[in-house]
Amino acid sequence: LGVIGMAAAAPAANPASDYVTVKQTQFSRNGHAYYIAGANFWYGGYLGAGIGGDRARLVRELDRMRALGLNNLRVLAVSEKTDMKSAVSPASTAAPGQYDEQLLAGLDFLLAEMAKRDMTAVLYLNNFWQWSGGMTQYLNWFEGSPAIDPNVTKDFDDFMDKNARFYVNGAAQAEYRNVIRKIVERTNTVTGKAYKDDPSIMSWQLANEPRPGNDKATPAQKAAYIKWIDETAAYIHGLAPRQLVSTGSEGLAGSAQDSQLFLDAHATPRIDYLTYHLWPKNWSWFDSHKPDASWNEAIGKSRDYLQRHVALARTLGKPIVLEEFGLDRDGPSFSVKSGTRWRDRFYKEVFDFVADGAARGEPIAGFNFWAWGGAGRAANADFWWKPGNDFMGDPPQEEQGLYSVFDTDASTLKLIKQAAGRLHALERKAPSRP
Ligand SMILES: O=C1NC[C@H](CO)[C@@H](O)[C@@H]1O
């Protein structure tokens, strides 16, 4: 008899408790409360592919983040090749059905390294904005509309209104679902584990900052947005029943300032937890050229935004994660040498709100600051990204250094470490709710 080869041992299935689950308005993992002390690290898969950095840098960055107590990273899972000027290249989807195995293997490596450090991932599967191709590029492929870069036209209202067509374009949705299935069912080439069976993938996110259109979104656009969220979340849960699904919404700023829309879009049981983002400068509350004069308005509106979203989370009975927030460097400047006094003051306010609220039992599940810059450095005098340059927290549609937190930003890193420590202390104290 020939030797009967032993089937390659399948990776041990993870116990169900390894997965992050939702218990009422709290995350739970391994029988304990689980809080997100996280960073935005959109380019982690690119570093893992050895593009715009390299695997050695990736390992160093993950070690730095882990040493700060960070336990979660929010990462771009796929990008679409586009002619838009301010988008990243290369892209993981060159054209419908044509996927870049090197980039996808980069994501494998990132996830394997994160799992070694007991870090969990939020992977977003599309982008409302242009910097990774996103919904605009799908529409270019499937309705033949030109992929127009709003950094060029400066007409963001028109860009957002047109992008809403993604939700109702059947061919675009079909390819989007092909990509979702390809990623969710992918076998990690480093660990041998399917993504859908990987407990370090905490959540599949429909997109980065999906909006129903612009602030004048029509009832029809709002209805299409609500339907798209529910049906896409159901599709993902069908493929990956043990992992969570979230929208990637900014909250009211990404819901046409319509709280009923936010509630209707997130009421579906297929959305497991809520997300919101906080951008005082982007939303013109803070003027980085007049910080003293604009600080009080900015922090007042920020506090109101934070409180309103925790109230919405109470209404929906779901955990909520502040998964993006940021403020300019002093000056304002993009230079790594510039100060971060106003940013630190803002981060401290945000961290106190999150940690104090979580300690009081609010439905606050944690934070991800935007964004980890680490050892990345701008390569050009104008601070714009070009293919081959370092990646950092600022995607190519923004100046490199705008919101990145660098490895030399000691005062900011100290605040991050303290905030992470406060949240982890809560985990040790409180077993998860029944
Ligand atoms: O998702 C996002 N929210 C805000 C970031 C900073 O402006 C931006 O880079 C990104 O598109």
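We count ligands from 1, going down the list as the structure has it; atoms in each ligand are counted the same way. The basis for the numbers below is simple: all heavy atoms, side chains too, and nothing from hydrogens, waters or symmetry mates. As the structure is a computational prediction, the values presented were derived from the model and not from experiment. Numbers here simply count residues along the sequence, with the first being 1.
Ligand-side atoms of ligand 1 in range of W279: 3 (N), 4 (C), 5 (C), 6 (C), range being under 4.0 angstrom from any heavy atom. Near N208, the atoms of ligand 1 lying under 4.0 angstrom from a non-hydrogen atom of the residue are 1 (O), 2 (C), 11 (O). The distance from ligand 1 to the heavy atoms of P395 drops below 4.0 Å at these ligand atoms: 9 (O). Listed by number with element, the atoms of ligand 1 under 4.0 angstrom from any heavy atom of E209 are 1 (O), 2 (C), 3 (N). Close contacts of ligand 1 with W129, meaning ligand atoms under 4.0 Å from a residue heavy atom, involve 11 (O).
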Show your reasoning for whether ring-ring contact (aromatic ring centres under 6.0 Å, His included) applies to F406 and W372.
CA-CA 7 Å; F406 294 111; W372 185 260; 9.4 Å; no
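No donor-acceptor contact under 3.5 angstrom links the side chains of Y34 and S28, judged on distance only. Counting only N and O atoms by type, the side chains of R211 and N163 include no donor and acceptor under 3.5 Å apart. For the 3.5 Å distance criterion, the side chains of S404 and D394 qualify, holding a donor opposite an acceptor.
The existence of a salt bridge linking R377 and D407 is confirmed by a sub-4.0 Å separation between a basic side-chain nitrogen and an acidic carboxylate oxygen.
Partner of Q173 under the side-chain hydrogen bond (donor to acceptor under 3.5 Å, both in side chains) criterion, out of Y167, W228, Y138: W228 alone.
Contacts with ligand 1 closer than 4.0 Å are made by side-chain heavy atoms of E398 only, the backbone lying farther away. If you look at L402 next to ligand 1, there are no close heavy atoms at all, none under 4.0 Å.
Scanning the protein heavy atoms around atom 11 (O) of ligand 1, the nearest turns out to be W131 NE1, 2.8 Å. Of the protein's heavy atoms, E324 OE1, 2.7 Å lies nearest to atom 3 (N) of ligand 1.
For the pair R303 and F353, the cation-pi test (distance below 6.0 Å, angle within 45°) is failed.
Ligand 1 lies within reach of Q397, whose nearest heavy atom is under 4.0 Å from it.
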